[in-house]
Amino acid sequence: MAERRPNRRRGANEPDPPGTAPRRAALRLIDAILRRGDPLDLAAHAATQGLGSADRAFAIAIVSETLRWMVAIDALIDSATAQQLPGDVKSRAVLRIALAQLLVLKSPPHAVVSTALPLVAGGPRRLVHALLSRAQQEEWALPDQASLPHDAAERWAAQWGDGVADAAAKAWSVPPPVDLSFAADPVSGEWTDGVALAPRHVRLARGQAVESLPGYREGGWWVQDLAASLPARLLGTGDGRRVLDLCAAPGGKTMQLAAAGWDVVAVDASAKRLGRLSDNLDRTGLTAQVVQGDIRVWEPSAPADAILLDAPCSATGIFRRHPDVLHRIEARQITDMAELQAALLDRAARWLRPGGTLVYATCSLERAEGEERIAAFLADHPGWAVAPALAHELPGGIVPDPNGFIRTLPGMLAHVGGLDGFFAARLRAPSS
Ligand SMILES: C[S@@+](CC[C@H](N)C(=O)[O-])C[C@H]1O[C@@H](n2cnc3c(N)ncnc32)[C@H](O)[C@@H]1O
């Protein structure tokens, strides 16, 4: 992107300096996330409309790094202002994205300042200018480790202990590696840059363009965090038996199940997300029956041998990849999600043949959406039992918890790039 030095004074009708458009988009996007609570990936489309792909990627990078480092950036802003700027004023948002560019993305300072000032037109331009100048003169720097937003830090310290909350902050400070799941064991020698942490898995260092990796077109693999691949592994091979993949889109687990020989019925309420699932099946050459349905009302025509319910959840476990999540999710949403999960689990349990297996999973780091959900389900459904996950079913370094559940936490496998936070329980239906 071409950049130029800022004019000393700009007239009201002067055009924005080059490079302002992606920053303006970043400002819209961060507003949608922090004020309206919109997810980054949904809001990005509207906020970046009209931008080319490089500017769009830049706007999203600004927002992602702003969110990841926001606690530390806010502390810097507050240390330099006599009166604390309210959390939701535009000038704070402009300072946040400008400081993320200066301190994280290392954008040229003159470009950061010249493009920040038009964003506060009609507001405290002087304050913004003075603070950004001070940041440069005093060579402000961020700490080595990002801090979690207050609510998440408190919730996780209370649920998992200070060590896990600290490991989460560490994990949040660096973008995560790229995990690939394979339909069949990868050809040895083809992935020498990667490390296999489980069968049909390769982990690559971050920053690789997925489309340029070997075999992308042939569709032998797809991107899926190692933790996200664990629930489907609990169902083993299908040998043509029928599995209901409930809440299936965009289809990471559908592809695993199809590749493992299951006859898959993939159900999801979202037509748009099912479109991505169908694209994924087309690319990988795997097959599944794709059904659009809300499982609060939809019903299968016959009982299934197995069910995978990858329930909608707060998604707090995937905070490394979605740095907006921890800024958006509040206790109330976790409670609402837990209620929905209970309803979906209750319906899914009716659709299994006697003695069949149901795997329940969420990408959440909240007990209310995992351990507590299953405890409540078992209390309400006599005859159902936990079929404990076994150590040999899991990658080395991950062991089932004392209840036989899979609970991946920040800090696990940290020496090889860590894991998303996931919960999975395998349950057995009564045999009659
Ligand atoms: C965690 S995502 C699923 C991820 C997917 N299993 C995978 O591995 O790629 C949850 C999904 O639940 C779907 N969903 C939410 N509520 C639903 C409902 N009532 N009925 C069916 N699908 C629902 C959402 O559209 C979303 O695609």
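Below, each value reflects all heavy atoms present in this structure, side chains not excepted, and no hydrogens, waters or symmetry copies. Numbers here simply count residues along the sequence, with the first being 1. Ligands are counted one by one from 1 in listed order, and the atoms in each one are counted from 1 as well.
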Tell me if a side-chain donor or acceptor on Arg426 pairs with a main-chain N or O of Thr357 at a distance below 3.5 Å. no
Under a 4.0 Å N-O cut-off, is there an ion pair linking [X] with [Y]?
X: Arg353; Y: Asp305; value: yes
X: Arg92; Y: Asp88; value: no
X: Lys253; Y: Asp310; value: yes

Is the NZ or CZ atom of Arg283 both under 6.0 Å from the centre of the six-membered ring of Tyr216 and within 45° of that ring's axis? yes
Do [X] and [Y] have side-chain N/O donor and acceptor atoms under 3.5 Å apart?
X: Gln256; Y: Ser181; answer: no
X: Glu366; Y: Ser314; answer: no
X: Gln145; Y: Asp166; answer: yes
X: Arg68; Y: Ser64; answer: no

Which atoms from ligand 1 have a heavy atom of [X] less than 4.0 Å away?
X: Pro250; value: 9 (O)
X: Arg273; value: 2 (S), 25 (O), 26 (C), 27 (O)
X: Gly251; value: 7 (C), 9 (O)
X: Gly252; value: 7 (C), 8 (O), 9 (O)
X: Ser270; value: 25 (O)
X: Gly293; value: 20 (N), 21 (C)
X: Arg296; value: 19 (N)
X: Asp294; value: 18 (C), 19 (N), 20 (N)

[X] to ligand 1: N or O pair under 3.5 Å?
X: Ala249; answer: yes
X: Ile295; answer: yes
X: Val267; answer: no
X: Gln224; answer: no
X: Asp245; answer: no

Only residue of Leu180, Asn280, Leu286 satisfying side-chain contact (heavy atoms from CB on, under 4.5 Å) with Trp222 is Leu286
Any idea which of Asn280, Val297, Leu309, Asp268 brings a heavy atom closest to atom 24 (C) of ligand 1? Asp268
In the protein, what heavy atom is nearest to [atom], and what distance, to one decimal place, separates them?
atom: atom 17 (C) of ligand 1; result: Ala269 CB, 4.0 Å
atom: atom 8 (O) of ligand 1; result: Lys253 NZ, 2.9 Å
atom: atom 6 (N) of ligand 1; result: Asp310 OD2, 2.7 Å
atom: atom 23 (C) of ligand 1; result: Cys247 SG, 3.7 Å
atom: atom 15 (C) of ligand 1; result: Pro312 CG, 3.5 Å

Aromatic plane relationship, His381 with Trp384 - under 30° parallel, 30 to 60° tilted, over 60° perpendicular: perpendicular
Angle class for the Trp172/His327 ring planes (parallel below 30°, perpendicular above 60°, tilted otherwise)? tilted
Can you find a non-hydrogen atom of Ala248 under 4.0 Å from ligand 1? yes
